[in-house]
Amino acid sequence: MAQRLFNVEGVRLACEDVGSGPPIVLLHGFPLDHTMWNAQIDALQSQFRVIAPDLRGFGDSHLADGDAENGVGMERYAADVIALLDWLQISEPVVLAGLSMGGYIGWQAVLRWPERIRGLIPCDTRAAADAEEPRAARFKMAEAAMQAGNSSPALVMIPRLLGAETREQRPEVEVALRAMIERQSAETVAAAQRGMARREDVRGKLDAITADSLCIVGVEDVISPPAEMHEFAQLLAKSGDDDVRIVEIEHAGHMTPMENPAAVTATIAAFARQCYGL
Ligand code: MLT
């Protein structure tokens with residue numbers, strides 16, 4: 001793995017940048033870091049340049065002053081990703097996959113900088129904003145994390161992040177996931193939860209997306225279930241001559257890249273090859 005550090009408006013951010021070939025950007029979910037994509041980073045780098053940032057505050061990236069209190073909006077994380085591409089001097093449009101919170105960021109990136117994205121992979125994510133109750137729960141978790149001084153309040157998410165089969169038959173996935181959550185700071189949990197609570201409902205904008213899209217979802221995902229993905233994929237499909245598909249991943253819940261890594265890698269690779277005309 002090759003970590004690179006860069007600065008956006010004085011904030012230090014970290015990313016993995018490995019392999020050579022056409023670029024694939026992988027955005028992690030909450031409250032995780034780029035290592036949730038380790039299997040894909042390893043496998044895709046023989047054909048692609050794989051860029052996997054730690055989003056602001058997560059992993060080895062820092063927060064700006066006030067981020068924990070104010071929340072980090074999905075558009076701010078997206079602007080960081082575009083700044084990263086600028087810093088890497090990647091001006092050609094990329095293939096970008098985002099899992100869950102990474103997917104919320106992906107919407108903002110493609111809607112605000114459509115010329116930078118040729119292929120979008122919304123992975124176990126949603127296009128709708130939160131209803132009132134889950135939104136309130138986010139503010140509560142933000143406060144609980146700040147009070148605890150660590151990310152422990154986010155550990156309650158684990159049973160919903162993984163499919164039952166993974167939890168029963170592949171306990172090492174849960175161990176890795178737990179360790180990843182425990183590595184994140186209280187401030188990062190608060191910043192992201194406050195930002196996600198305020199995120200936009202993008203369903204009304206999906207028909208403006210002209211990038212090719214491939215939706216990935218675990219069949220056992222209870223956070224962003226397959227039925228909901230089929231609904232928003234219909235909205236994406238309205239956007240003209242692009243090509244929208246959904247791939248449902250067996251033996252997986254919300255964390256498809258960790259739960260069924262080979263299937264997710266193969267799906268991303270095939271889509272990226274198609275996007276780049278390889
Ligand atoms: C994630 O995996 O990023 C989270 O489940 C997103 C969320 O809390 O909505």
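One-based numbering, in listed order, for ligands and for the atoms of each.
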If you count the atoms of ligand 1 from 1 in the order shown, which ones are under 4.0 Å from a heavy atom of G29? 3 (O)

Report yes or no: is the cationic atom of R56 (NZ for Lys, CZ for Arg) under 6.0 Å from the centre of the six-membered ring of Y77, at an angle within 45° of the ring normal? no

Specify the protein heavy atom at minimum distance from atom 3 (O) of ligand 1: its residue, its atom name, and the distance to 0.1 Å. F30 N, 2.7 Å

Would Y104 count as being in polar contact with ligand 1, using the rule that some N or O on each side must be under 3.5 angstrom apart? yes

Counting N and O atoms only, with roles assigned by atom type, does the side chain of S185 sit under 3.5 Å from a partner on the main chain of T188, one being a donor and the other an acceptor? yes

Heavy-atom proximity to atom 2 (O) of ligand 1, picking from M101, M36, H254, points to H254

For E220 and A164, indicate whether the former's side chain and the latter's backbone hold a donor-acceptor pair under 3.5 Å. yes

Proximity flag Q193 to ligand 1, non-hydrogen atoms under 4.0 Å: no

Given side chains that start at C-beta, do those of V189 and M141 come closer than 4.5 Å, heavy atoms only? yes

Is there a side-chain contact between I117 and P93, using heavy atoms and a 4.5 Å cut-off? no

Heavy-atom distance under 4.5 Å between the side chains of E92 and P23, does that happen here? yes

Protein contact of atom 8 (O) of ligand 1 - nearest heavy atom, named by residue and atom, plus distance: R138 NH1, 2.9 Å

Atom 6 (C) of ligand 1: closest protein heavy atom, distance to 0.1 Å, is S100 OG, 3.1 Å

